[in-house]
Amino acid sequence: MSSSFSLPGTDLITDRLLLRTWPADDIAAVVRDGRSPHWADDFPAEGDRVIVGFIVEQSDPASESGHRQVVERDSGLVVGSISVLWPPSSGSLEIGYGIVSSRRGRGYAPEAARALAEAALTWPGVDSVYADVELSNPASIRVLEKAGLRRWSGDATTARFGTTAPESHEQ
């Protein structure tokens, strides 16, 4: 699977997906409970609405926030969202994602998570990317495993999966 990467806040392209920054029109449509013809029928999901809330609260929505829509390249439809929470904390970024139910099971979530994690590891000041997941959500655990993240830690209810920049291993 190939991907092309660039700096935070810019679009990422994978074999089947475009991870693009949220257009202002789409943000406004979600806020007013509107619809767009370039959205999957079940977009936005609740998680997408939460992401828009984060974007609206930021002083500069085009900043290095890492919030992106997940777009099927074949159809051009928005099918989810993915984010890294910027800025890094001690060199680490948290990742979160969601794909609408009509598009689950196609491998989009691991493809998007892998692309964003790999891109984030090339950004200045970032040496690791992680995601916290509830153990009661085996589908999300599998997404993270397929995306190349490994279990770092956990307790009785949650686990932290993560990955580090290659140069972090050369110490």
Side-chain angles (χ1 to χ4, degrees), residues 1-22 44-55 57-58 61-71 78-101 103-171:
M1 186 168 305
S2 63
S3 301
S4 63
F5 306 120
S6 49
L7 293 174
T10 60
D11 298 345
L12 304 175
I13 300 170
T14 71
D15 289 341
R16 301 178 300 154
L17 303 172
L18 167 65
L19 309 180
R20 71 172 179 215
T21 55
W22 278 76
E46 184 56 34
D48 304 309
R49 294 179 194 288
V50 169
I51 294 299
V52 166
F54 288 142
I55 294 170
E57 290 174 8
Q58 295 172 345
S63 71
E64 297 175 319
S65 62
H67 302 295
R68 293 176 171 80
Q69 292 178 326
V70 178
V71 180
V78 179
V79 299
S81 58
I82 188 164
S83 298
V84 290
L85 301 181
W86 194 267
S89 173
S90 301
S92 293
L93 284 175
E94 183 175 2
I95 192 170
Y97 50 84
I99 302 295
V100 295
S101 60
R103 298 308 199 278
R104 291 184 189 149
R106 299 180 186 193
Y108 290 167
E111 185 174 332
R114 181 182 319 107
L116 191 55
E118 288 176 0
L121 291 173
T122 68
W123 300 339
V126 177
D127 56 35
S128 66
V129 174
Y130 71 92
D132 292 331
V133 62
E134 294 183 15
L135 297 176
S136 62
N137 189 348
S140 194
I141 291 170
R142 189 69 188 126
V143 163
L144 296 171
E145 292 171 342
K146 286 181 177 182
L149 281 72
R150 301 288 171 246
R151 186 175 175 153
W152 283 353
S153 62
D155 59 27
T157 59
T158 61
R160 176 163 289 181
F161 284 75
T163 187
T164 58
E167 55 272 7
S168 296
H169 299 292
E170 298 173 5
Q171 298 179 19

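Not measured: the values here are computed from a predicted model. Sequential numbering from 1 along the given sequence is applied to the chain's residues.
R142 pairs by the side-chain contact (heavy atoms from CB on, under 4.5 Å) definition with E145, K146, not counting sequence neighbours. Listed by chain and residue number, nothing satisfies the salt bridge (Lys or Arg N to Asp or Glu O under 4.0 Å) test with R151 (two or more places apart in sequence, or in another chain). Considering only residues two or more places apart in sequence or on other chains, R104 meets the salt bridge (Lys or Arg N to Asp or Glu O under 4.0 Å) condition with none of them. Residues meeting the salt bridge (Lys or Arg N to Asp or Glu O under 4.0 Å) test with E134, sequence neighbours left out: none. Listed by chain and number, the residues in a side-chain contact (heavy atoms from CB on, under 4.5 Å) with V143 are Y97, A109, P110 (sequence neighbours excluded). With sequence neighbours excluded, the residues forming a side-chain hydrogen bond (donor to acceptor under 3.5 Å, both in side chains) with T157 are D155, listed by chain and number. Not counting sequence neighbours, the partners of R49 by the salt bridge (Lys or Arg N to Asp or Glu O under 4.0 Å) test are D33. Remark: S153 engages no residue in a side-chain hydrogen bond (donor to acceptor under 3.5 Å, both in side chains) (not counting sequence neighbours).
A donor-acceptor pair is defined here as one N or O able to donate and one able to accept, closer than 3.5 Å; no such pair exists between the side chain of E111 and the backbone of T14.
Y108 has its side chain out of reach of I82: every pair of non-hydrogen atoms, C-beta onward, lies at least 4.5 Å apart. Counting only heavy atoms from C-beta outward, the side chains of E118 and L12 never approach each other to under 4.5 Å.
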* Full working for side chain to side chain contact (heavy atoms under 4.5 Å, CB included) between T164 and W152 -> CA-CA 11 Å; T164 58; W152 283 353; 3.9 Å; yes

* To do: Mind running side chain to side chain contact (heavy atoms under 4.5 Å, CB included) on T21 and D11 for me, showing each step along the way?
  => CA-CA 6 Å; T21 55; D11 298 345; 4.0 Å; yes

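Here the OG atom belonging to S83 is positioned 8.5 Å from the CZ atom belonging to R68, to the nearest 0.5 angstrom. Atom CG of L144 is separated from atom CG of D132 by 9.5 Å, given to the nearest 0.5 angstrom. Residue R160 holds its CZ atom at 4.5 Å from OH of Y130, rounded to the nearest 0.5 Å. The OG1 atom of T158 sits 12.0 Å away from the CG atom of N137 when rounded to the nearest 0.5 Å. Separation of atoms CG (L85) and NE2 (H67) is listed at 6.0 Å; rounding is to 0.5 Å. Here the CG atom belonging to L116 is positioned 6.5 Å from the CG atom belonging to L19, to the nearest 0.5 angstrom.
Across every non-hydrogen atom of A112 and V70, the tightest pair is CB-CG2, 4.3 Å. Nearest approach of A131 to L149, heavy atoms of both residues: N-CD2, 4.4 Å. Closest heavy-atom contact between S90 and D127: O-OD1, 4.3 Å. Minimum interatomic distance between S136 and P138 (heavy atoms only, all atoms of both residues): O-CD, 3.2 Å. When all heavy atoms of I95 and A117 are compared, the pair lying nearest together is CD1-N, 4.2 Å. The shortest non-hydrogen separation linking D48 to G98 is OD1-O, 4.5 Å.
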